[in-house]
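First comes the structure, then the notes that go with it.
Note that this is a predicted model, so its numbers are computed, not measured. Throughout, numbering of the chain's residues begins at 1 and tracks the sequence.
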Amino acid sequence: MSNYVKISTLGSRNFTVDEQLAPDEIVERVIGHLQEKLSQVLPEQPDLIVLPEFSDIPFNLYLSPAKTLAYCRVRGARILNWFADIARRHRCHIAYPTIWAQENQPAKNSITLLDRNGTVIGEYSKNHLTLGEMEEYGMACGKEAPIIACDFGRVACVVCFDLNFDRLRLQYAAAKPDLILFSSIFHGAFMQQYWAYSCRAHFAGAVGGGQPSAVVSPVGEILATSTNYFDYVTTTVNLDCAVVHLDYNMERLRALKSKHGSKVKIADPGYLGAVLISSETDECTIRDMMKEFDIELLDDYLTRALAWQSAPEHIKHPEDGEPL
């Protein structure tokens, strides 16, 4: 059935602090900055807020590895606990990206995901650090890529430089999350859209440095984006959806639309040969609709095409419809 999720993504325009302030006072200044940022989206009552990479680290501190790590050690879990209180009071999930640093241990660049009760329900540590993060900051690459269960669906996380590596993308494509969260200071251009399409998942990007933050559909359409005037955006997506190819499905999609009308949405990005279909009703899921009209998933169609190459005599050709 329709599964609407309201997502807010926040950008950043390089917040700075007076480096001569005491560490505790710097933390308080950062909390004030974050409060101002969140006040832009909390009135929308989002289900999920995604913040950019290094969300609580002042830009001028980040330029110095020694100052950054010292600040993170003093800060500890204070801002995490502050975010937890926000999540509880506003009944929303929060994706909090930062650097975690402890004495005598490698630092890590992570996203911590909080649920509506302010409870930590998952953490992802950046699998593919930049050379600078490893050489200058002494960070350690994460080894795991968990799928985190939220009350609205299954979520995967990606941080900045990760977007360049196929190993992680293919791991997520196999795991089939509903939503990918991307926190970064690097935009990634069309790779955001390709990750969304490759993983058949919605993609929510929060990008710092004054760059646009956007929500992308599983067929690569930009559904909403921040602008040069506003570095935040809120939009609602429907996670009860599926990507299907038009080959052999065209007549079936027409029949689906003819019967269900506005209860089903078919979004065509153009030029792709695939569309996104979603259930816009509480009466049945998109999988129920697909079963009713024998509509084939894109991935199943591609698998069938590969199988035909190796053993065409065993592959049954559909009786109705023609390929593109």
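Atoms OG and OH, on Ser64 and Tyr137 in that order, are 7.0 Å from each other to the nearest 0.5 Å. Separating the CG atom in Leu113 from the OG1 atom in Thr119 is a distance of 11.0 Å, to the nearest 0.5 Å. Here the OG1 atom belonging to Thr285 is positioned 9.5 Å from the CE atom belonging to Met290, to the nearest 0.5 angstrom. Leu179 CG to Cys199 SG: the interatomic distance, rounded to the nearest 0.5 Å, is 11.0 Å. One distance of note links CG of Leu163 with NE2 of His128; it measures 10.5 Å at 0.5 Å rounding.
For the pair Leu21 and Glu28, the minimum side-chain heavy-atom distance is 4.5 Å or more. Two residues are said to be in side-chain contact when any heavy atoms from C-beta on lie closer than 4.5 Å; Phe165 and Asn127 fail this criterion. Residues Leu253 and Val275 meet the side-chain proximity criterion, which asks for heavy atoms closer than 4.5 Å. The side-chain heavy atoms of Asp247 and Glu296, taken from C-beta on, include no pair separated by under 4.5 Å. At least one side-chain heavy atom of Ile111 sits less than 4.5 Å from a side-chain heavy atom of Pro97. At least one side-chain heavy atom of Thr281 sits under 4.5 Å from a side-chain heavy atom of Met289. The shortest side-chain heavy-atom distance between Val207 and Pro52 does not fall under the 4.5 Å cut-off. Under the 4.5 Å side-chain criterion, counting only non-hydrogen atoms from C-beta, Phe83 is in contact with Leu34.
For the pair His245 (side chain) and Leu298 (backbone), a donor-acceptor distance under 3.5 Å is absent. At least one donor-acceptor pair under 3.5 Å links the side chain of Gln211 to the backbone N or O of Gly208. In this structure, Tyr172 contributes its side chain and Cys157 its backbone to a donor-acceptor pair below 3.5 Å. At least one donor-acceptor pair under 3.5 Å links the side chain of Thr303 to the backbone N or O of Asp299. Of the possible polar contacts, none joining the Ser213 side chain to the Ser226 backbone as a donor-acceptor pair under 3.5 Å is found. Under a 3.5 Å cut-off, the side chain of Thr227 and the backbone N or O of Tyr229 do form a donor-acceptor pair. A donor-acceptor contact shorter than 3.5 Å is absent between the side chain of Arg29 and the backbone of Asp18. Without hydrogens or angle criteria, Glu44 side chain to Val41 main chain gives no donor-acceptor distance under 3.5 Å.
The 12-atom threshold is exceeded at NZ of Lys6, counting heavy atoms of other residues, nucleotides or ligands nearer than 6.0 Å. Residue Arg88 qualifies as enclosed at atom CZ: its count of foreign heavy atoms under 6.0 Å is above 12. Open room surrounds CE on Met1; 12 or fewer heavy atoms of other groups in view lie less than 6.0 Å from it. In the displayed structure, Gln45 atom CD is contacted under 6.0 Å by at most 12 heavy atoms of other residues, nucleotides or ligands. Atom CD of Gln102 is surrounded by 12 or fewer heavy atoms from other residues, nucleotides or ligands within 6.0 Å.
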Exercise. Going through the distances and angles, do Arg91 and Asn117 end up as a side chain to side chain contact (heavy atoms under 4.5 Å, CB included)?
Worked result: CA-CA 7 Å; Arg91 304 298 298 164; Asn117 297 315; 2.8 Å; yes

Problem set entry | Test log, rule side chain to side chain contact (heavy atoms under 4.5 Å, CB included), inputs Val215 and Thr9 | CA-CA 8 Å; Val215 178; Thr9 71; 4.1 Å; yes

Problem set entry | Steps toward side chain to side chain contact (heavy atoms under 4.5 Å, CB included) verdict (Trp195, Leu168) | CA-CA 10 Å; Trp195 269 66; Leu168 183 62; 4.0 Å; yes

For this session: I would like to know whether Tyr248 and Arg304 meet side chain to side chain contact (heavy atoms under 4.5 Å, CB included); could you show each step before the answer?
Result: CA-CA 12 Å; Tyr248 305 110; Arg304 190 159 59 88; 3.9 Å; yes

For this session: Could you check Ser279 against Ser2 for side chain to side chain donor-acceptor pair (under 3.5 Å), going step by step and ending with a plain yes or no?
Result: CA-CA 5 Å; Ser279 170; Ser2 55; 5.6 Å; no

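Ring orientation note: the planes of Phe182 and Phe203 are tilted relative to one another, at an angle of 30° to 60°. Classification of the Phe15-His33 ring pair by plane angle, with boundaries at 30° and 60°, yields parallel.
When hydrophobic clusters are built by joining Ile, Leu, Val, Met, Phe, Trp and Tyr residues whose side-chain heavy atoms come closer than 4.5 Å, directly or via intermediates, Ile148 is not grouped with Ile180. At a threshold of 4.5 Å between side-chain heavy atoms, the hydrophobic network of Ile, Leu, Val, Met, Phe, Trp and Tyr places Leu223 and Phe230 in two separate groups. Clustering ILVMFWY residues whenever any of their side-chain heavy atoms sit less than 4.5 angstrom apart, transitively, puts Phe186 in the very cluster that holds Phe190. Cluster membership check: Ile147 does not share its hydrophobic cluster with Phe152, using side-chain heavy-atom separations under 4.5 Å among Ile, Leu, Val, Met, Phe, Trp and Tyr. Hydrophobic clustering (ILVMFWY, side-chain heavy atoms < 4.5 Å, transitive): Leu239 and Val216 are in distinct clusters.
Every residue two or more places apart in sequence or in another chain was checked for a salt bridge (Lys or Arg N to Asp or Glu O under 4.0 Å) with Glu36, and none qualifies. Among residues two or more places apart in sequence or in another chain, the salt bridge (Lys or Arg N to Asp or Glu O under 4.0 Å) test is passed with Lys37 by Asp231.
Closest heavy-atom contact between Pro212 and His187: O-CD2, 3.4 Å. Nearest heavy atoms, Lys265 versus Lys257: CA-NZ, 4.5 Å. Contact detail for Asn238 and Ser278: the closest heavy-atom pair is ND2-CB, 3.8 Å. In this structure, Ala95 and Leu48 approach most closely via the heavy-atom pair N-CD1, 4.5 Å. For Asp178 against Gly153, the heavy-atom pair with the smallest separation is OD2-CA, 3.4 Å. Of all non-hydrogen atoms in Met139 and Ile99, the two that sit nearest each other are CE-CD1, 3.2 Å.
Tyr4 and Glu280 are linked by a side-chain donor-acceptor pair at a separation below 3.5 angstrom, with hydrogens and angles left out of the test.
Both the sub-6.0 Å distance and the 45° axial angle are not jointly satisfied by Arg73 relative to the ring of Tyr71. The side-chain tip of Arg169 does not point at the ring of Tyr194 from less than 6.0 angstrom away and within 45° of straight on.
Ion pairing between Asp288 and Lys291 fails under the 4.0 Å rule for side-chain N and carboxylate O.
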